[in-house]
Structures are given as C-alpha cells and as structure tokens.
Amino acid sequence: MGVKLGQSIGGRSRSGGDDLVEAHEINVTPFIDVMLVLLIIFMVAAPLATVDLGVDLPASAVEPSPRPDQPVFVTVKPDLSVAVGDDVIARDALTTTLDAATRGKKEERIFLRADKAVSYGDLMEVMNLLRNAGYLKIALVGLDGRS
C-alpha cells in the first residue's frame, strides 16, 4: 500500500497538518513475479505430462533405401529363436555367426526383422546382443505401407 504526501508550500503542507493520504493503487509487481514463476513451472512440467500417452505407430510411406547385394538378415521368430539368414542359431552363437557372415566387418548394416508376435522387450534383447557384438548399424525391416 502506498502513501501520498501532501504538497508543501513555503514549508507548510497545503492541508494544514501532517495528514498522510493513502493511495488506493494496486502494486502489480509481486503479482507479475508470481505469474512468471508459475509460467516457468508449467513450461517445465508440460512436456513431462505427456509420457503416458499410448502410441499407435503408422506404417512407413517413405521410399525404401536400396539394399546391399548380399544383406545380412537377423530374424526373431515367434518362438523367440534367432536366425541369421536362413539358419536358426543359438543366441550365444550370434556373435560368431555374424562375424562369419560379415567377414568381420563390424560397420556393415544388419537388417533386423521380427514377427508381430515378438514382444518389444524380446526384440530389444536381440538388439542389445547385436550392440554388444559390435554391430551398431541396425536397420529394422517392416512391411511396405505404401498403397
């Protein structure tokens, strides 16, 4: 709350005494400070609130990139067995089989495909096996969604 002092003329106040007049004006500075703090809080918290949204990914309508002459396919079957090319292998033999298929070239792209029945967690396990084996270029294979 603010106070206005009377104007003095010749050392005496115009009103004749030491009366202080209250100013009935709202000080909006604290209000603006509080609103800016709330704005920052909501700006930080808004992206965090969208984590629990369900995702229904569409099929890709992008022109597929050209395949190499002899691509290396790793397939995860519905029974969670892993195949390199057409040969079903044990998961612990994945590194040696891929090294033989790529002739030891770790920078070669590996095409990973999985059945619809394979869960996301099981697919991630195979991707982690590929990463641990040193194969960091992994392409996910899907059906062409273009009509």
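Because only heavy atoms are used, hydrogens play no part in the values below, and waters and symmetry mates are left out as well, while side chains stay in.
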**Asked** For Ile26, which residues count as a side chain to side chain contact (heavy atoms under 4.5 Å, CB included) partner, sequence neighbours excluded?
**Response** Val28

**Request:** Please collect all side-chain hydrogen bond (donor to acceptor under 3.5 Å, both in side chains) contacts where either partner lies in residues 78-91, sequence neighbours excluded, each pair once.
**Result:** Asp79-Ser81, Arg91-Glu125

**Prompt:** Who passes side chain to side chain donor-acceptor pair (under 3.5 Å) against Ser119, sequence neighbours left out?
**Reply:** Asp122

**Request:** For residues Lys77 and Val88, report the shortest heavy-atom separation together with the two atoms involved.
**Result:** NZ-CG2, 3.6 Å

**Asked** Remaining members of Ile110's ILVMFWY cluster at a side-chain heavy-atom cut-off under 4.5 Å?
**Response** Val72, Val74, Val76, Leu80, Val82, Val84, Ile89, Leu94, Leu98, Leu112, Val118, Tyr120, Leu123, Met124, Val126, Met127, Leu129, Leu130, Tyr135, Ile138, Leu140

**Prompt:** Does any pair with a residue in residues 102-120 pass salt bridge (Lys or Arg N to Asp or Glu O under 4.0 Å), and if so which ones, sequence neighbours excluded?
**Reply:** Asp99-Lys106

**Request:** Could you name each residue pair satisfying side-chain hydrogen bond (donor to acceptor under 3.5 Å, both in side chains) that touches residues 29-38, not counting sequence neighbours?
**Result:** Asn27-Thr29

